[in-house]
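The next block holds one structure in the form of structure tokens; read it before the comments.
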Amino acid sequence: MSRIESVLTRIEPHLPPGAIVTDENERKTYECDGLAVHRTVPALVIRVTSTAEVALTVGACHEFDVPFVARGSGTGLSGGAQPHAEGVLIVMSTMRDILDIDPLAQRAIVQPGVINLNLSNEANPGGYYFAPDPSSQSVCSIGGNVAENSGGAHCLKYGFTTNHVTGVTLVTARGDIVEIGGDAPNTPATTSSACSADPRGHWASSLR
């Protein structure tokens, strides 16, 4: 049994239907991100729907010494989501829930697959927006923004993504779930933006 087969055997009983992509033609749709000059078909694609599923998949990859790469919307231009030919591509684009919005605290808790512009649209009725605004904001994900420290025109005034994230729930390379930071501004190992001078304001985000 190959290492990829070992990973598949370990995780398959715990994942919902449609989460596992083994068909070669379907895997080819994940062969690159926005940096299309480099293309690699991943050996296995897992479309996760929860932090627990991410931890399960990463833990299995660690156990069987299989490389893995995380992918959001795949819009990045730096090759950050470039797959490994003998590895697992963990796709988080289905994790698109905005879990909480707190206008008073100017905070939101979101899953990593939430589309950047969708967060601003949800905050807009209260006169707020999520300041990091890359040109791909209508399709890029918050998780990808965090991974790449993305930004756009607003970042000249308000700072890049790292300045707008107060906390993250992450999975280590061993498959452990760890929480860093929190909802409060300037918690250890994180930074947070203060309310902007723009009368519309802007938001910080906590990733889950």
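Residue numbers run from 1 in the order of the sequence given.
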Would a single hydrophobic cluster contain both [Y] and [X], if residues Ile, Leu, Val, Met, Phe, Trp and Tyr are joined by side-chain heavy-atom contacts under 4.5 Å?
X	Y	result
Leu89	Ile4	no
Val66	Val48	yes
Ile20	Ile90	yes
Tyr30	Val58	no
Leu77	Ile115	no

Give a yes or no on whether the backbone of [Y] and the side-chain of [X] come within a donor-acceptor separation of less than 3.5 Å.
X	Y	value
Thr40	His84	no
Glu53	Thr49	yes
Ser120	Phe130	yes
His164	Tyr158	yes
Arg39	Glu31	no

Atom [atom1] in [X], atom [atom2] in [Y]: separation rounded to 0.5 Å?
X	Y	atom1	atom2	value
Ser136	Leu117	OG	CG	10.5 Å
Asn116	Asn145	CG	CG	5.0 Å
Glu24	Thr29	CD	OG1	11.5 Å
Arg10	Thr57	CZ	OG1	12.0 Å
Leu99	Ile109	CG	CD1	7.0 Å
Ile46	Thr22	CD1	OG1	9.0 Å

More than 12 foreign heavy atoms under 6.0 Å from CD of Glu63: is that the case here?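 Enclosed.
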Would you call Asp33 and Arg71 a salt bridge, taking side-chain N to carboxylate O under 4.0 Å as the test?
no
- Message: Can you give me the closest heavy-atom contact between Leu44 and Val21, atom names plus distance?
- Response: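 Shortest heavy-atom separation between Leu44 and Val21 comes out as CD1-O, 3.6 Å.
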Check: Does the side chain to side chain contact (heavy atoms under 4.5 Å, CB included) test come out yes or no for Met92 and Val54, once each step is laid out?
Finding: CA-CA 9 Å; Met92 303 185 193; Val54 175; 4.2 Å; yes
